[in-house]
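Proteins come first, then strands; the chains are lettered A, B, ... in the order of their sequence lines, and each starts at number 1. Below, each value reflects all heavy atoms present in this structure, side chains not excepted, and no hydrogens, waters or symmetry copies.
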There are 2 protein chains.
Amino acid sequence: MTQDNLDDAPVQAERFSQTRTAQSQALLEDYTEMIDDLIRAHGEARITDIARLMGVTHPTATKAVARLKREGLAVSRPYRGVFLTELGSGMAERVRGRHRLVVDLLLAVGVPPEAAENDAEGIEHYVSDATLTAFAAFLTRQP
Amino acid sequence: MTQDNLDDAPVQAERFSQTRTAQSQALLEDYTEMIDDLIRAHGEARITDIARLMGVTHPTATKAVARLKREGLAVSRPYRGVFLTELGSGMAERVRGRHRLVVDLLLAVGVPPEAAENDAEGIEHYVSDATLTAFAAFLTRQP
DNA sequence: ACAGAAATGTAGCCTCGGCTACATATCGGT
DNA sequence: ACCGATATGTAGCCGAGGCTACATTTCTGT
Ligand SMILES: [Mn+2]
Ligand SMILES: [Mn+2]
Ligand SMILES: [Mn+2]
Ligand SMILES: [Mn+2]
């Protein structure tokens with residue numbers, strides 16, 4: 001920030017506001033991507049598997065899935081697996097692409113693989129389209 | 001993720017767990033940095049200014065400051081400004097450095113300045129020391 | 001077929017971080 | 001010195017996302 005944080009306030013505030021919005025989306029994105037992973041691997045996504053992979057207890061996973069359903073990203077019937085809607089599949093695909101692109105960029109600038117994977121899991125949710133485009137362009141220049 | 005998400009579970013889970021921890025720290029970091037900015041500019045940080053710059057209402061800022069105090073990062077007396085402890089100042093300094101480094105790296109790989117500033121506000125909280133080191137090294141190579 | 005194991009559902013608790021509404025204190029201009 | 005404007009405090013609501021404890025359903029091996 002510069003010295004005149006008085007005039008800067010609206011800009012600053014909008015920045016933080018956007019970040020908060022992204023944060024509220026992050027969980028949805030991770031669950032969606034993971035459910036898609038599980039379906040690809042096993043044909044379905046069970047609550048227990050989702051919970052174990054996310055590192056949470058199963059009621060927490062159940063609640064998250066409830067939110068996914070509420071937001072039209074997933075469907076499920078009691079005691080059966082969780083599946084993605086068209087909307088959810090679309091999100092999973094975009095999220096996966098973004099995840100890979102972030103990891104690739106981190107590797108390209110010299111971040112150790114372990115750290116790249118770890119950090120990407122958080123970073124990916126805060127990367128705008130403009131930034132993604134720039135990442136892709138950079139990777140094309142520097143393969 | 002690879003096909004065997006069964007063996008991968010502990011690794012995955014730990015990744016998400018770390019990300020959740022970082023997320024819970026993010027707010028503290030942003031408030032601390034902003035309070036430090038305000039003190040540098042005006043000698044003190046008023047709740048109203050903090051709230052306006054963060055884009056939240058003043059009771060929200062008050063609650064956040066209460067948490068900062070609880071965690072030993074800030075001190076304040078009723079109807080007076082907020083100040084940082086040694087711990088808080090240290091955090092502010094580290095957070096500011098990290099913020100700048102992230103912005104600089106984004107710019108260096110070709111991200112438009114506006115997007116770089118916006119995205120950095122989120123990204124900065126999920127960048128490990130290993131990654132920061134790599135960023136610094138990259139910037140030294142590619143000035 | 002059935003009993004025990006495993007998976008899933010559900011209730012209810014907690015903290016955090018938003019908010020509005022209202023109470024109180026401080027500040028500034030006359 | 002006052003009084004209105006402004007700043008700050010506080011109460012209480014909400015949803016998200018953790019958790020534990022317990023109920024119920026489904027699966028599985030004999
Ligand atoms: Mn993630
Ligand atoms: Mn991811
Ligand atoms: Mn930030
Ligand atoms: Mn910052």
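The 5' end of DNA chain C is approached more closely, in terms of each residue's nearest nucleotide, by Ile47(A) than by the other of Tyr31(B) and Ile47(A). Between Arg67(A) and Pro78(A), the residue anchored closer to the 5' end of DNA chain D is Arg67(A), taking for each the nucleotide with the nearest heavy atom. Both Arg46(B) and Gln23(B) lie near DNA chain D, and the one whose nearest nucleotide falls closer to the 5' end is Arg46(B).
Atom CG in Leu27(B) sits about 5 Å away from atom P in dG17(C), given to the nearest Å. To the nearest angstrom, P of dA25(C) lies 15 Å from CZ of Arg77(B). As rounded to whole Å, 17 Å separates atom C1' of dA6(C) from atom CD1 of Ile50(A). A straight line from CD of Gln18(A) to P of dG18(C) spans 15 Å, rounded to a whole angstrom. Met54(B) has its CE atom 14 Å from the C1' atom of dC16(C), to the nearest Å. Atom P of nucleotide dT26(C) and atom CZ of Arg80(B) are separated by 6 Å, given to the nearest angstrom.
Legend: residues meeting side-chain hydrogen bond (donor to acceptor under 3.5 Å, both in side chains) with Arg20(B), ordered by chain and number and at least two apart, are absent. Take Arg40(B) and apply the salt bridge (Lys or Arg N to Asp or Glu O under 4.0 Å) test, not counting sequence neighbours, and it matches Asp36(B).
For the residue pair Thr60(A)/Thr57(A), the side-chain donor-acceptor check at 3.5 Å is satisfied. Donor-acceptor pairing under 3.5 Å is recorded for the side chains of His125(A) and Asp30(A).
Closest approach of Ala134(B) to Gly110(A), counting heavy atoms only: CB-O, 3.5 Å.
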Identify every side-chain donor-acceptor pair in residues 135-143 of chain B under 3.5 Å, counting partners at least two apart or on other chains, and give the distances.
{"unit_1": "Thr140(B)", "atom_1": "OG1", "unit_2": "Ala136(B)", "atom_2": "O", "d": "2.9"}

Would you be so kind as to tabulate the donor-acceptor pairs closer than 3.5 Å made by side chains of residues 68-77 of chain A, with sequence neighbours excluded?
{"unit_1": "Lys69(A)", "atom_1": "NZ", "unit_2": "Ser76(A)", "atom_2": "O", "d": "3.1"}
{"unit_1": "Lys69(A)", "atom_1": "NZ", "unit_2": "Ser76(A)", "atom_2": "OG", "d": "2.9"}
{"unit_1": "Glu71(A)", "atom_1": "OE2", "unit_2": "Arg67(A)", "atom_2": "NE", "d": "3.3"}

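One finds the CD atom of Glu33(B) at 11.0 Å from the CG atom of Leu38(B) (value rounded to the nearest 0.5 Å).
Under 4.0 angstrom from either OP1 or OP2 of dG17(C) there lies no side-chain N or O belonging to Arg20(A).
Checked for salt-bridge contact, Glu29(B) and Arg98(B) meet the test: a charged N lies under 4.0 Å from a carboxylate O.
Along DNA chain D, read 5' to 3', the first and last nucleotides having any atom under 4.0 Å from a heavy atom of chain B are dA7(D) to dG18(D).
Interface residues of residues 57-64 of chain B facing DNA chain C, ordered by number: Thr57(B), Pro59(B), Thr60(B), Lys63(B); criterion, heavy-atom separation under 4.0 Å.
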